[in-house]
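Because only heavy atoms are used, hydrogens play no part in the values below, and waters and symmetry mates are left out as well, while side chains stay in. Sequential numbering from 1 along the given sequence is applied to the chain's residues. Both ligands and their constituent atoms are indexed starting at 1 by order of listing.
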Amino acid sequence: MQNKQFPPNFIWGAATAAYQIEGAANEDGRKDSIWDYFSRTPGNVKNNATGDIAADHYHRLDTDIALMKELGLKAYRFSISWPRVLPDGYGAVNNKGLDFYKRLVDKLRDNNIEPFITLYHWDLPMALQNAGGWLNRRIVDWFTEYAQVMYKALGDRITSWCTHNEPNVSSYLGYKVGIHAPGVKDDATFAQVVHHILLSHGDAVAAGRAMLPNAQFGIAPAISQNYPATEADTPIVKMMWNHGPGLILEPVFFGRYPDVNSSVKPIILSGDMERISQKIDFIGINHYFSMWFKLNKDGYPERVTKDLPVTDRNWIIYPQGMIDMLHTVKNTIGNVPIYITENGASYPDVVTADGCVHDKERAAYYKGYISAAADAINQGIDLRGYFAWSLIDNFEWEMGYDSRFGIVHVDFETQKRTVKDSGKFYASVIRNNGVVE
Ligand code: IFM
């Protein structure tokens, strides 16, 4: 393999999300989110795990920032817990909650680590869910109010604002399939929720432009790469795009929904599509795997297996898929600045007698995907940065603590952190600004 170098100023980071790492679920004025409620309901999460303590990041800020420093991170992507800042979703601001994020941002800046904020990574305040949640159109105003609270509190210290993390996934798993909070399985609800999420994105961007003219605004869908099993299955590729990332990116970039060939349509009021299609400055892409599909006898896509390596989640490892995906995005929406806002792999790690975590498969995964990122840049993709998912092992939604994605191991009994071999590999990538053999 040749050395893979990146442009100067390429941003190397790692990512986390509030509910997955913070813990301190009932402290300093925070109230429940839909994930607190969902995970405390028996049977929803493996081993009935909750994020009550998670990686206890709320109390371990200094340790975790020291780890980021040790790894040499240039940037840290994290999300704000809406119910920590606005426990009832809107109205009274919880200053103790806000102070936590002010401290985090100040400490990052003191350490020359650029903070990248995501406003919504799935922890909707339960108070809002009780008022209809994402199905109630008033949520667009509630979200915009929350965004404005954050712009006002941190706008002088933050350049990059991402409105929603994987809106295609949170809506699909939470409102269509029901395996994520709030556990709804209803096609009409799903369609309307997507529309309200998109509207909230657009209005939050517009509010941000008015308050912070120099800031950058974006959104981060999850985009896997889908291939047809045979040539006859090629229509599946477009179908999967339209139901997944296209459902987010086409309204945002073109002000129209892709054709999903469904009788279930959201209620769209006059002016909505203009509000959704605000100009944005970047897209974040969360990319993990590729999939192959064939059309089954009913005309629906069905996954086919491939003789390729997989992670412990059965996610196919195929770095070329990330390059192909980036070209699809560029060909569809234009050469917009892109950050890979999440990329990583889950494996069942063990701390060995030498006190280390020799996660060579994860290290190989990173080598493959980071090399692919370099190739994509050489092929003309405007890729500005890359964030490993995740900085530390954490609460992996319906999988609880049974799926580890960290480049730093967390012992959830003692909260001890151990940099994995993949973390050491990633640190070397950052030091060398690329993969050096
Ligand atoms: O842990 C999640 C994250 O919250 C969203 N993107 C995918 C990750 C791994 O499943």
message: Between Asp324 and His327, is there a side-chain donor-acceptor contact under 3.5 Å, judged purely by atom types and distance?
response: no
message: Taking the side chain as everything from C-beta on, heavy atoms only, tell me whether Tyr288 gets closer than 4.5 Å to Gln225.
response: no
task: Go through the side-chain N and O atoms of Thr341 and His287 and say whether any donor and acceptor fall under 3.5 Å apart.
output: no
task: Please confirm whether Trp397 comes within less than 3.5 Å of ligand 1 when only nitrogen or oxygen atoms on both sides are compared.
output: yes
message: Within ligand 1, which atoms have a heavy atom of Trp315 less than 4.0 Å away?
response: 10 (O)
task: Among all protein heavy atoms, pick the one closest to atom 5 (C) of ligand 1 and tell me residue, atom and distance.
output: Glu342 OE1, 3.2 Å
message: My understanding is that only one of Lys46, Arg404, Arg313 makes a side chain to side chain donor-acceptor pair (under 3.5 Å) with Glu396; could you say which?
response: Arg313
task: Look at ligand 1 and say whether Met399 reaches it with a heavy atom at a distance under 4.0 Å.
output: no
task: Tell me whether the guanidinium CZ or amine NZ of Arg84 lies under 6.0 angstrom from the six-membered ring centre of Tyr58 and within 45° of its axis.
output: yes
- request: Before signing off on this row, confirm whether Asn165 and ligand 1 have an N or O atom pair separated by under 3.5 Å.
  value: no
field: Distance filter under 4.0 Å to Glu166 heavy atoms, resulting ligand 1 atoms
entry: 5 (C), 6 (N), 7 (C)
message: Give me the residue, atom name and distance of the protein heavy atom closest to atom 8 (C) of ligand 1.
response: Tyr288 OH, 3.3 Å
Sidechain N-carboxylate O distance under 4.0 Å for Asp411, Lys416: no
- prompt: Counting each atom of ligand 1 from 1 as listed, which ones have a heavy atom of His121 under 4.0 Å away?
  reply: 3 (C), 4 (O), 5 (C)
message: Please list the nearest protein heavy atom to atom 10 (O) of ligand 1 with its residue and the distance rounded to 0.1 Å.
response: Glu396 OE2, 2.5 Å
message: Keeping Arg209 on the side-chain end and Gln216 on the backbone end, is there a donor-acceptor pair under 3.5 Å?
response: no
